[in-house]
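Start at 1 with the first residue, then count along the sequence.
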Amino acid sequence: MSISSSSDTRARTMNPTTLSYIPSEELFAEDVFTDRVMRQRLPKDVFKALQRTLTKGERLNPQLADVVAAAMKDWAIERGATHYTHWFQPLTGQTAEKHDAFITPDGHGGALTEFTGSALVQGEPDASSFPSGGIRATFEARGYTAWDCTSPVFLSRNAGSVTLCIPTAFVSWTGEALDHKTPLLRSMDAVSEQAVRLLKIFSADQGVSRVMATCGCEQEYFLVDRDYFYDRPDMIACERTLFGARPPKHQQLEDHYFGSIPTRVMAFMAEVERDLYRLGVPVKTRHNEVAPCQFELAPTFETANVASDHQMLVMETMRRVAPRHNFACLLHEKPFAGINGSGKHVNWSIATDTGINLLDPRDDTHSNMIFLCTLAAVIRAVDLHADLLRASVAHASNDHRLGANEAPPAIMSIFLGDMLTDIVNQLESGGAKRTMKGTSLELGTTTLPQIPRHTGDRNRTSPFAFTGNKFEFRAVGSSQAVAWPTTVLNTIVADSLSFLCDQLEKAIGKNTGDEAKVQGAVRGVLQKIIKQHKRVIFNGDGYDKSWHDEAKKRGLPNHRESVAALSTLSDKKNADLFSAFKVLSKVELESREHVFLEKYCKQVLIEGETAMLMARTLILPAAIRFQTEQAENISVTEAADVDTSKSREALESFSALVDSLRDAVDALEKAVDHHDAGVHKHAAHVRDKVRGAMSDLREVVDQLEERIPADLWPMPTYREMLTIK
């Protein structure tokens with residue numbers, strides 16, 4: 001792809017309502033310090049050294065950093081940049097940045113621009129003010145950011161300001177990881193090392209330096225009118241509605257999914273895509289999702305680290321662009337009760353740096369030994385570490401959608417489809433000898449083409465489904481940073497690849513040149529793995545209650561909510577796993593369990609306090625006004641000597657609801673004010689008491705909404721918000 005960095009090819013400013021913008025190849029990644037830019041601006045030896053770091057994982061010589069920094073500074077300033085920042089991903093789940101100006105006093109009353117290699121390679125933000133799970137305290141503030149040269153440096157354009165953003169890792173003064181990027185990079189090294197071992201067993205490692213974890217992240221989101229958003233305190237504070245009666249029309253007609261994209265939404269999408277193209281994010285797909293006002297954006301796959309960074313840019317860009325079109329972009333998993341929520345499907349695979357996808361089954365799948373071994377490793381990984389996989393998507397927001405008829409259940413299982421299931425069954429019997437072939441579909445008329453029919457159907461209820469040449473992890477939440485679930489995936493697969501390689505090397509011994517003995521050893525190892533771990537394979541309806549009963553019989557864990565799931569993180573087997581592959585130390589893993597549980601508590605408590613505030617200051621006053629109107633109407637009607645028995649019944653019924661509202665608010669206040677020592681006990685209380693009290697309060701409020709006149713109801717309703725005009 002041609003990438004230009006010259007100023008005369010910059011994107012013109014696009015009117016937000018103009019839909020004719022088509023990004024050209026010359027404009028793609030215009031705001032990224034790309035390979036082409038580096039080749040043009042760096043000395044040949046420096047460029048080659050940097051490329052070896054990028055492609056082979058070699059350490060970058062610190063002496064070259066000054067040269068690279070100078071080239072970056074010149075490139076950025078030519079494009080209007082005035083500041084630079086180390087852009088990192090702390091355990092908040094968001095990104096963080098502190099901007100420093102390129103301009104510095106020259107000591108003679110003037111100024112000059114400066115950006116040194118040391119400023120590029122290392123920064124020093126305050127580490128005590130970010131979640132650390134006890135690794136850092138207020139009196140121990142030092143932390144470091146370290147340049148991740150495997151992720152492209154880019155320019156951020158916001159409010160007329162241009163900033164050079166340097167993707168970095170974030171670690172403590174003691175060396176522990178305080179972010180999502182550092183463990184992700186470590187896990188990528190781990191899975192690469194074990195996958196290369198597998199390739200060597202089959203003498204397929206020629207020219208391969210690394211095996212890269214890859215992923216593509218589908219992003220679902222809601223758009224609501226910005227005026228409605230700011231009229232709802234719950235949406236401002238919690239990014240979801242804590243109250244709201246279901247409207248007469250929502251998604252039951254199934255007319256929104258893949259429907260014509262509204263003009264105003266298309267303008268938003270076009271501007272988001274333009275900004276993302278400039279940042280090198282390969283966005284590919286856009287469409288209406290199932291729920292009203294719900295949409296999806298999806299890029300093509302990239303290496304996992306870059307895909308993770310790009311996913312953060314996708315979320316930031318959508319939130320930044322939405323107000324220009326008078327929208328608020330909601331990334332919460334469940335902004336509206338009673339209709340589908342949003343997920344973020346992570347399409348994961350592993351591929352060599354020479355371009356070979358190890359999860360590509362190819363035509364004669366039964367004879368593709370590398371694929372079969374990789375597949376077996378994934379099956380074993382998901383079965384042995386289903387608790388970790390579930391914990392990787394555990395947070396308060398995701399509890400609202402997992403298990404509902406819109407998202408996979410909390411039981412971690414694998415969907416393989418008919419063809420791969422048939423091959424797995426053959427492997428269990430001693431060896432695969434055939435591959436099911438697809439057929440063709442006749443559509444009943446000569447005017448339509450004959451189209452190929454795949455060997456198996458798709459399953460939208462599986463949390464971990466094979467989809468052609470990758471696995472789709474469908475349990476990830478829409479608001480979530482994908483680095484953490486990808487780190488878990490990489491690590492558990494690295495563990496199973498290591499086990500498989502150990503078994504193969506032991507079985508093959510010195511017979512590496514004897515193809516028959518190698519094939520026999522492979523069949524034996526795969527047969528054993530399949531027999532032990534096939535229980536995790538399930539191709540049926542994940543929503544059916546019978547599957548939950550069957551999963552229990554199979555011994556598959558079912559952590560229905562996040563507190564139980566997160567409490568398994570630091571179990572000994574998990575701590576040993578992360579430690580063995582040097583992805584997370586015991587301290588780092590325990591810190592994450594603490595951070596995630598603490599965040600769960602804080603998020604639910606914010607929701608609880610917001611619900612109380614809204615009930616007391618918005619809902620109750622509206623209810624009292626209507627109650628007063630009813631009473632005054634009865635008084636006036638009785639003075640006219642008209643029967644008011646029905647009106648009295650209505651008033652009594654409504655008054656009982658108002659009393660229930662007061663009782664529900666008091667119960668929620670009591671639950672919120674309770675505190676337990678220790679994050680595990682507190683999280684259990686928040687789950688069992690606070691969420692229950694919030695649900696009881698919501699039930700009363702939603703009944704009141706259906707009875708209080710529209711002119712008295714104090715906030716936008718679902719009926720209003722779930723319509724884009």
(request) Would you mind checking if K181 and D309 are paired as a salt bridge, meaning a charged N to carboxylate O distance below 4.0 Å? (result) yes
(message) Can you confirm whether the side chains of E296 and T285 place a donor and an acceptor under 3.5 Å from each other?
(response) no
(request) For A177, enumerate each residue passing the side chain to side chain contact (heavy atoms under 4.5 Å, CB included) test, keeping only those at least two apart in sequence or located in another chain. (result) D179, T182, P183, R186, E588, R592
(request) Could you label the plane-to-plane angle of the F371 and F466 rings as parallel, tilted or perpendicular, counting under 30° as parallel and over 60° as perpendicular? (result) perpendicular
(request) Compute the ring centroids of F88 and F130, then answer whether they are less than 6.0 Å apart. (result) yes
(message) Holding to side-chain hydrogen bond (donor to acceptor under 3.5 Å, both in side chains), I want the full list of residues that pass it with R560, two or more places apart in sequence or in another chain.
(response) none
(message) Tell me every residue that passes salt bridge (Lys or Arg N to Asp or Glu O under 4.0 Å) with K98, counting only those two or more places apart in sequence or in another chain.
(response) none
(message) As a test of understanding, state which of R324, R278, R320 forms a salt bridge (Lys or Arg N to Asp or Glu O under 4.0 Å) with E271.
(response) R324
(message) Walk me through whether L297 and L276 qualify under side-chain contact (heavy atoms from CB on, under 4.5 Å).
(response) CA-CA 11 Å; L297 175 152; L276 291 175; 4.1 Å; yes
(request) Report the distance from atom CE of M269 to atom NE2 of H287, rounding to the nearest 0.5 Å. (result) 8.5 Å
(message) Using a 3.5 Å distance criterion without hydrogens, assess whether the side chain of H256 forms a donor-acceptor pair with backbone atoms of Q251.
(response) no
(message) If we count only N and O atoms by modelled type, under 3.5 Å, do the side chains of H86 and T168 hold a donor and an acceptor together?
(response) no
(message) Regarding H345 and E472, do their side chains bring together a donor and an acceptor under 3.5 Å, going by distance alone?
(response) yes
(request) Check the side chains of T317 and D275 for a donor-acceptor pair under 3.5 angstrom, ignoring hydrogens and angles. (result) no
(message) Salt bridge or not between D255 and K249? Use side-chain N to carboxylate O under 4.0 Å.
(response) yes
(message) Is the distance between the ring centroids of F295 and F268 under 6.0 Å?
(response) no
(request) Kindly write out the residues that satisfy salt bridge (Lys or Arg N to Asp or Glu O under 4.0 Å) with E316, not counting sequence neighbours, or none if the list is empty. (result) none
(request) Would you name the heavy atoms of S151 and V306 that are closest together and state the gap between them? (result) CA-CG2, 4.3 Å
(message) With a 6.0 Å cut-off (strictly less than), is the heavy-atom count around CZ of F229, excluding the residue itself, greater than 12?
(response) yes
(request) List for me each residue that meets side chain to side chain contact (heavy atoms under 4.5 Å, CB included) alongside A307, sequence neighbours excluded, and say none if there are none. (result) C215, E302
(message) Under 4.0 Å between a side-chain nitrogen and a carboxylate oxygen: does that hold for E720 and R232?
(response) no
(request) Please identify each residue that fulfils salt bridge (Lys or Arg N to Asp or Glu O under 4.0 Å) with D225, with sequence neighbours left out. (result) R264
